[in-house]
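Okay, so here's the structure we're looking at.
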Protein chains: 2
Amino acid sequence: MSTGVANKKAIDSLKALAEPIRLEIIESLSSGEKCVCDLMQETGLAQSKISFHLKVLKDAGVITDRQSGRWVYYQLDIRTLKSLQNWIKKLRKGCLNEASTCK
Amino acid sequence: MSTGVANKKAIDSLKALAEPIRLEIIESLSSGEKCVCDLMQETGLAQSKISFHLKVLKDAGVITDRQSGRWVYYQLDIRTLKSLQNWIKKLRKGCLNEASTCK
DNA sequence: AGTATATATCAAGAATTATTGATATATCAA
DNA sequence: TTGATATATCAATAATTCTTGATATATACT
């Protein structure tokens, strides 16, 4: 019952979040959508680097994008964050029974 | 205000969780503490491999250990899971204001 | 059409992380 | 003390992920 599809998705989102640049991007997006150019300005990082990390985040389902003219705007997909949160909550629930010995 | 100590800790726990073997270990521990030998049996993996991943988890604060004779028992530290959960919740909160455009 | 801008992608190298088999340490049991 | 068992650690290699600079693509403007 352990390594199912749900865990695969959880691992993808965890891995996507677990990197400083991507986390910086995520936190920036939590105040609203941004284009790559915005993120370049905010972070001072090279364009290809930002695009690389945006792709990782998008592939993991943590963000979505929409194109508008020459610009591509990225935004958080809070549904993924929500399900990640639930996944952690479930983990913790296993610790609540009498037999368990979690800290 | 972004890459502070809190984020450093969040990244450490996220990174520790974001790996299939470690996740399997974590899920096993959520039903109670286990020694390395238990985990070897459950997973069928080599001892040095298990110890390696346990160290990653322990360094990240996701698990703790206690020694009893020749055995070392590992258990989940739900305090870390709890604060990870809060950290995600906080991220999502940024999406709730009027200006925000998260999915 | 020609030029400029925004972003994506690619290939090569650098850096990080994981695996493996071997060895070390510590505890217990005879 | 000797031998066995449980776990940790180490060195070498393998695998994965990240960075960089260059190039490609698509849109818009003149």
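Values below: every heavy atom of this structure, side chains too, minus hydrogens, waters and symmetry copies. We name chains A, B, ... by the order of the sequence lines, and we start the count at 1 in each one.
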Taken to the nearest whole Å, CG/B/Leu14 to P/C/dT17 is 14 Å

From NZ of A/Lys58 across to P of C/dA8 the rounded distance in Å is 8 Å

A/Arg66 atom CZ is separated from C/dT7 atom C1', nearest whole Å, by 15 Å

Comparing B/Trp71 with A/Trp71, nearest DNA chain D nucleotide closer to 5' gives the residue B/Trp71

Among C/dA8, D/dT27, C/dT19, the one nearest any side-chain atom of A/Gln67 is D/dT27

| message | It should be established whether A/Tyr74 places a side-chain nitrogen or oxygen under 4.0 Å from OP1 or OP2 of nucleotide C/dA8. | response | yes

With the side chain defined as heavy atoms from C-beta on, B/Cys37 is closest, among D/dT17, C/dA29, D/dT7, to D/dT7

| said: Is there, by distance only and without an angle test, a donor paired with an acceptor across the side chain of A/Gln47 and the base of C/dA6 below 3.5 Å? | reply: no

Between B/Ala18 and A/Lys55, whichever has its closest DNA chain C nucleotide further toward 5' is A/Lys55

B/Ile50 atom CD1 is separated from C/dT20 atom C1', nearest whole Å, by 14 Å

By nearest-nucleotide position on DNA chain C, the 5'-leaning member of A/Cys35 and B/Arg70 is A/Cys35

Taken to the nearest whole Å, CG/A/Asp12 to P/D/dT17 is 10 Å

Below 4.0 angstrom from OP1 or OP2 of D/dT16, is there any side-chain N or O of A/Lys15?
-> no

note: A/Phe52, atom CZ; D/dT17, atom C1'; distance rounded to Å ~ 6 Å

A/Tyr73 OH to D/dT27 P, in whole Å, measures 15 Å

When rounded to whole Å, the CE to P distance for the pair B/Met40 and C/dT19 reads 15 Å

Interatomic distance, CG@B/Leu29 vs CD@B/Glu24, rounded to 0.5 Å, equals 11.0 Å

Checklist line | ILVMFWY network linking B/Ile11 to B/Val56, side-chain heavy atoms under 4.5 angstrom | finding: no

Taking C/dT19, D/dT9, C/dA6 as options, the one with an atom nearest any side-chain atom of B/Ser48 is D/dT9

Test side-chain contact (heavy atoms from CB on, under 4.5 Å), reference B/Ile63, set B/Leu57, B/Asp77, B/Thr80, output is B/Leu57

Notebook entry, point to check: Do any side-chain nitrogens or oxygens of B/Lys49 fall under 4.0 Å of OP1 or OP2 in C/dT20?
Noted result: yes

Side-chain atoms of A/Arg22 come closest, of D/dA6, D/dC18, C/dT20, to D/dC18

The answer to which of A/His53 and B/Leu54 contacts DNA chain D further toward the 5' end, by nearest nucleotide, is B/Leu54

